[in-house]
Amino acid sequence: MIRLQNISFDHCIKCTVCTVYCPVARATHHFPGPKQSGPDTERLRIKSPELLDESLKYCTNCKRCEIACPSNVKIADIIQSSKWRYFKKSLRPRDFFLAHTDLMGSVATRASLLVNFFIKLPPVKLFLDLFFRIPSERRFPKYARGSFLAWYKKHRAEQEAFAERAVYFPGCYVNYNNHELGKDVVTVLNAMNIGVIVSYEKCCGVPLIANGYIDRARKNALLNINSLAASAAESGARIISASSSCSFALKHEYRNLLELDNSAIFDSLDYITRFIHERFLKGNLPELKPVRLRAAYHSPCHLERMGGVMNTIEVLKKIPGLDLTILHSECCGIAGTYGFKKEYYRVSQKVGAELFKRIERADPQIVITDCETCKWQIEMSTPYRVEHPVTVLARSIDGGKL
Amino acid sequence: MRYDCVIIGGGLSGLTCGIRLAETGASVAVISTGMSALHFSSGSIDLFGYNGEGRTVYRPFEFLDEFVGSNPRHPYALCGARQVREALFYFRGQLDLEGIELYNNDESNHFHVTTLGTLKPTFFSQRSVFNEKIRLAFEKKSMIAALNFEGYRDFYPELAVINLRRNVLFRNIEIITGKIVYPDYGDPQRNPFEYRSVDIARIFDTERYLEELAVQIRNAASGAAFAAMPAFLGISNFKRHHKLLQELTGLLIYEIPTLPPSILGMRIDNALKSRFASLGGVYIAGDTVTGGSISGERLESVVTENGGGSALSAGSFVLATGSFFSGGLVSEFSRVREPVLDLKVYSDAERSRWYAPEFFPRRGHPFLEYGVETDERLNPKTGDGRRVKNLYCTGALLPYYNPIKEGSGGGVAVSTGYRAAELILEGNS
Ligand SMILES: Cc1cc2nc3c(=O)[nH]c(=O)nc-3n(C[C@H](O)[C@H](O)[C@H](O)COP(=O)(O)OP(=O)(O)OC[C@H]3O[C@@H](n4cnc5c(N)ncnc54)[C@H](O)[C@@H]3O)c2cc1C
Ligand code: SF4
Ligand code: SF4
């Protein structure tokens, strides 16, 4: 059946501009590119699902094709929804583990030292490679001890005491892997006289969508929409996320891909640098100490798609002593869980090669980016450390070392 | 968020305007839904190619001097002939800074060859399309080899040659055709439908096969002075490849603009964006302006699809959203509409008069002359007739000219974009 609301493939004028800007089509000829995998073959799939072509699994959902398309075709959405509509659900344990980040996180954080130790051992890596098809070259992000939520509980009262508050969605990465980033968000907002109300029901759903667990993703999405809307209504606050991919999912994927009504949070939800930048412009600029650092900024694909890059750049420009090179916009190649799969690992690294080259040419002391998976990819593939813009801002506020 | 100027539409016109403004230190943001008409264009900038009778115009500036007097509503008349010249040479200077040299035939038009082998009069072209050496070799009636890469489906040299031979300018010129094969053709063959100009340009950009290709080109050209090939000598480093390939082959390498995506057009797009960014301009890609708030005679702010309710405000705004093709104008069943602010549009109420019955009518299709009506300061009016004084309309969005019939699209986009910037700067000082 053709749903009338989703026939943007019909607006395609076959100009191939999307394919020009697709980083995967550039890296491998096994992927025919967005035009062919999206609008061209969607009409065939609608007629007969047997005409499905495996090659569309190569798409990383980076959305660069949609940014380029002059006819506003929702190319990546077409490809993503075809993936889960027509392919049988993957029964691979690997895909299950990669998709369920919150489940994995809540187990792993209980024994983080052990997990972090084991996952680095060569025999374990070999085992994962052979039996799970997770490439042994891939480095895993470390798990933290306990959860960010547990830390937050101890500080909730002081945060609720602020007159102005913002609802913060930390996401799995902050909750299970990097509590420090969550604390940096608190440092920055507190310095701006804003309290942080943490609301975290479930994983935003990005890895679930990427691995075809759509029902689960929808369930998570509904829970998140409701809990975020409720927290925001209570304090009349804006909702923020410091992960570009979580923000993108909450705002756009829920609506366009999962076809859910997220209007209760749509207008009040911001990626964090938009929120901060708007307040800077209104004069709420905390006192900033010089950081004396040469940094290169990489803009993640999903932040590009949301049009949020300029906010991050403007916020970073306010930090005294930060010598900033803006890297040419390129995909890093990891695309969430994509780069964790053996069958895509090579393509993933080839996509990122151009970015890695540019980083090396800029030769910064650190790289700054808004996305946690970009961070893993860059830290694994180059010798540079990667920090979140909010972390850099927090160090400029508290004078701590970067 | 607040800027000195927000430009809606990042094509030839919006970017020219943005560069001129950013150069003065103004804070400028360009918002653009998707890639612009440059990805479809020849990469040559047309100024005025054909007169009212459809005859070729040889000296376009001379022609303009008279033309603007008798066509006061034409975009060129709104700029004035002198400013059109100023704009075009300013544009050339800016591209030069980004390493793209544009060549003109002095005060005259020159021709570029299309994929079908027809000739188009134009004013500025890239080095591989027009320069002094090409002109001299052509005047000497040197032999031409039209070459193609095997497997590339967007160019048929045999077809192009049939058309060229029909042209009086090519009388007594020997034209042969030939083929070259990519050393690793095996891989792209998996998806022959996607073997487009960019795929080939990217292989050129690696420079791996340049020497092998040079040998092939020399053999295929067997004694010709020109090797004419579809334009795919690379996107980022084409100047270097062009020079190297000419040295290695001893031939003049001529580029023919291809079907979209057009590499020649993309080079200009890249150069303009890079120039704009280096002047501190902010380019917001992939977002659509959906409306704005007008109070009194001023547009205060605009909202975008991704903005989530937060508005972009500015001292002045430029609407450079292009024509129907780019979504600057939309046709409903019984009217033509400007979708962002519902500005007053010049068109015909009777749908059957929008187009001519033939596909390529001599007098052009009327709809190409529709657009947002403005006064001489490029200010439009709202649907209910109020003038908006800090909003300037430029480029393909404007009415009273026909880019195809006149061969004037690029020139109008550049000069009205430049004109808007000058008007904004005048107003500020
Ligand atoms: C197919 C084709 C080939 C051409 N070839 C040539 C040629 O070879 N030589 C020549 O001189 N001229 C050529 N022209 C004419 C000339 O190039 C164009 O008229 C000129 O490029 C128009 O520039 P522009 O900036 O006015 O509009 P466009 O290039 O159309 O750019 C408009 C931009 O605005 C964006 N936009 C639209 N609505 C919105 C919105 N609501 N919010 C945000 N962004 C929006 C669009 O995505 C687009 O990027 C050609 C035109 C076409 C259509
Ligand atoms: S860019 Fe858009 S219109 Fe062009 S081929 Fe791709 S989907 Fe179709
Ligand atoms: S989403 Fe990214 S990888 Fe997928 S088709 Fe579009 S550009 Fe290519």
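Per chain, numbering begins at 1; letters A, B, ... match sequence-line order. All figures in this text were calculated on a predicted structure; none of them were measured in a lab.
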Original post:
With only heavy atoms counted, which part of A:His252 is less than 4.5 Å from chain B, the side chain, the backbone, both or neither?
Top reply: side chain

Subject >> Residue among B:Met35, B:Met266, B:Arg2, B:His39 with most heavy-atom pairs under 4.5 Å to chain A >> reply: B:Met35

**OP:** Applying side-chain contact (heavy atoms from CB on, under 4.5 Å) between A:Val20 and each of B:Asp199, B:Ile263, B:Val198, report the one that passes.
**Re:** B:Val198

Subject >> B:Thr288 versus chain A, the contacting section by heavy-atom distance below 4.5 Å >> reply: side chain

**OP:** Rounded to the nearest 0.5 Å, what's the gap from CZ on A:Phe248 to CG on B:Asn306? Could you check?
**Re:** 8.0 Å

Original post:
Side chain, backbone, both or neither: which part of A:Ile13 has a heavy atom under 4.5 Å from chain B?
Top reply: side chain

Original post:
With side chains defined as the heavy atoms from C-beta onward, is the minimum distance between B:Tyr283 and A:Met310 less than 4.5 Å?
Top reply: no

**OP:** Look at the side chain of A:Arg305 and the backbone N and O of B:Gly286, then say whether any donor-acceptor pair between them is shorter than 3.5 Å.
**Re:** yes

Original post:
Which bit of B:Asp154 is near chain A, if near means a heavy-atom gap under 4.5 Å: side chain, backbone, both or neither?
Top reply: neither

Original post:
Any side-chain heavy atom of A:Pro70 within less than 4.5 Å of one from B:Phe40?
Top reply: yes

Original post:
Looking at A:His277, A:Glu66, A:Lys63, which has the largest count of heavy-atom pairs under 4.5 Å with chain B?
Top reply: A:His277

Subject >> Proximal component of A:Cys15, with respect to chain B [non-hydrogen, under 4.5 Å] >> reply: both

**OP:** Name the region of A:Arg64, side chain, backbone, both or neither, that has any atom closer than 4.5 Å to a heavy atom of chain B.
**Re:** neither

Original post:
Any idea which of A:Ile67, A:Ile326, A:Val17, A:Leu281 has the most non-hydrogen atom pairs under 4.5 angstrom with chain B?
Top reply: A:Ile67

Original post:
Knowing that exactly one of B:Pro260, B:Ser197, B:Pro261 qualifies, which makes a side-chain contact (heavy atoms from CB on, under 4.5 Å) with A:Thr16?
Top reply: B:Pro261

